[in-house]
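Below: one structure, written as structure tokens.
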Amino acid sequence: QVDVVESGGGLVQPGGSLRLSCVASGSSLLDFLGVAWFRQAPQKEREGVACINNSDDNEYYGDSAKGGFAISRDKAKNTVYLQMNNLKAEDTAVYYCAAIREEFCKAVAVDEFLSYWGRGVQVTVAS
């Protein structure tokens, strides 16, 4: 059983920063997976933001993350972070953390067959 829990969402002004946290735990299977951040805005499809492989710490980014987002991992805390800087109104969305297979991590793509998802946190960028 893999548990995934996100935290750190909230309201931030345009140009501001926010750091999301994701704790993934519960199974040694996680050693062979990547931990990714996705987001979904109202009436839009879910899109990949960033992913980090647990096996080698390689980082991968989707188009939505380029320029202001960075993913990182604290192994001792089983925690993956998404640092978001220079936020814009279009970054408003529900952000989800998911543990996914490495080939999907490289593409920052939804893994339909083997994935473990958190419930998501709301990020709202508004003045």
Output every pair passing disulfide (SG to SG under 2.5 Å) with a member in residues 1-46, not counting sequence neighbours, ordered by first then second residue.
Cys22-Cys97

Can you tell me which residue pairs pass the salt bridge (Lys or Arg N to Asp or Glu O under 4.0 Å) test with a partner in residues 29-45, sequence neighbours excluded?
Arg39-Glu47, Arg39-Asp91

Ignoring hydrogens and geometry, is there a side-chain-to-backbone donor-acceptor pair from Asn78 to Ser25 under 3.5 Å?
no

Can you list the steps and then say if Val94 with Val121 is a side chain to side chain contact (heavy atoms under 4.5 Å, CB included)?
CA-CA 5 Å; Val94 177; Val121 291; over 6 Å; no

Sorted by chain and number, sequence neighbours left out, side-chain hydrogen bond (donor to acceptor under 3.5 Å, both in side chains) with Asn53 holds for none

The criterion is side-chain hydrogen bond (donor to acceptor under 3.5 Å, both in side chains); which residues satisfy it with Thr124, sequence neighbours excluded?
Gln122

Those residues that, when tested against Asp63, pass side-chain contact (heavy atoms from CB on, under 4.5 Å) (two or more places apart)
Lys66

Between Val80 and Trp37, is a side chain to side chain contact (heavy atoms under 4.5 Å, CB included) present by the stated rule, with each step listed?
CA-CA 9 Å; Val80 171; Trp37 287 97; 3.9 Å; yes

Can you list every ring-ring contact (aromatic ring centres under 6.0 Å, His included) pair that touches residues 39-80, not counting sequence neighbours?
none

If you round to the nearest 0.5 Å, how far is CG of Asn54 from CG of Leu29?
10.0 Å

Which heavy atom in Ile100 sits nearest to a heavy atom in Ala109, and how many Å separate them?
CD1-O, 3.7 Å

Which residue pairs pass the salt bridge (Lys or Arg N to Asp or Glu O under 4.0 Å) test with at least one member in residues 92-104, sequence neighbours excluded?
Arg101-Asp111

Quick check: are there more than 12 heavy atoms from other residues, nucleotides or ligands sitting under 6.0 Å from CD of Glu90?
yes

Kindly work out whether a path of hydrophobic side-chain contacts (I/L/V/M/F/W/Y, heavy atoms less than 4.5 Å apart) joins Leu114 to Leu30.
yes

Using atom types as modelled, flag every donor-acceptor pair under 3.5 Å from a side chain in residues 9-19 to any protein atom, sequence neighbours excluded.
| from | atom 1 | to | atom 2 | distance (Å) |
| --- | --- | --- | --- | --- |
| Ser17 | OG | Asn85 | OD1 | 2.9 |

Which pairs pass disulfide (SG to SG under 2.5 Å) with one or both residues in residues 47-87, sequence neighbours excluded?
Cys51-Cys105

Using the rule given for side chain to side chain contact (heavy atoms under 4.5 Å, CB included), can you reason through Val4 versus Val23, listing the C-alpha separation, both sets of side-chain angles and the distance that settles it, and then say yes or no?
CA-CA 6 Å; Val4 179; Val23 178; over 6 Å; no

In one Ile/Leu/Val/Met/Phe/Trp/Tyr side-chain cluster, 4.5 Å: Val35, Val123
yes

Under the ring-ring contact (aromatic ring centres under 6.0 Å, His included) rule, what pairs show up with a residue in residues 79-127, not counting sequence neighbours?
Phe38-Trp117

Apart from Phe32 itself, what residues make up its hydrophobic cluster when side-chain heavy atoms of I, L, V, M, F, W and Y under 4.5 Å apart count as a link, directly or indirectly?
none

If you look at every heavy atom in Thr92 and Ala41, which pair is closest and at what distance?
O-CB, 3.6 Å

Determine the minimum heavy-atom distance between Glu6 and Arg119, stating which atoms define it.
OE1-N, 3.1 Å

Give me the atom names and distance for the closest heavy-atom approach of Val2 to Ser27.
CG2-CB, 3.7 Å

Can you measure from CG (Leu33) to CD1 (Ile52) and round to the nearest 0.5 angstrom?
13.5 Å

Partners passing side-chain contact (heavy atoms from CB on, under 4.5 Å) against Asn86 (at least two apart in sequence or in another chain)
Lys88

Just by modelled atom types, is the Ala98 backbone N or O under 3.5 Å from a matching donor or acceptor in the Ser115 side chain?
no

For the atom pair NZ (Lys106) and CG (Asn58), what is the distance rounded to the nearest 0.5 Å?
8.0 Å

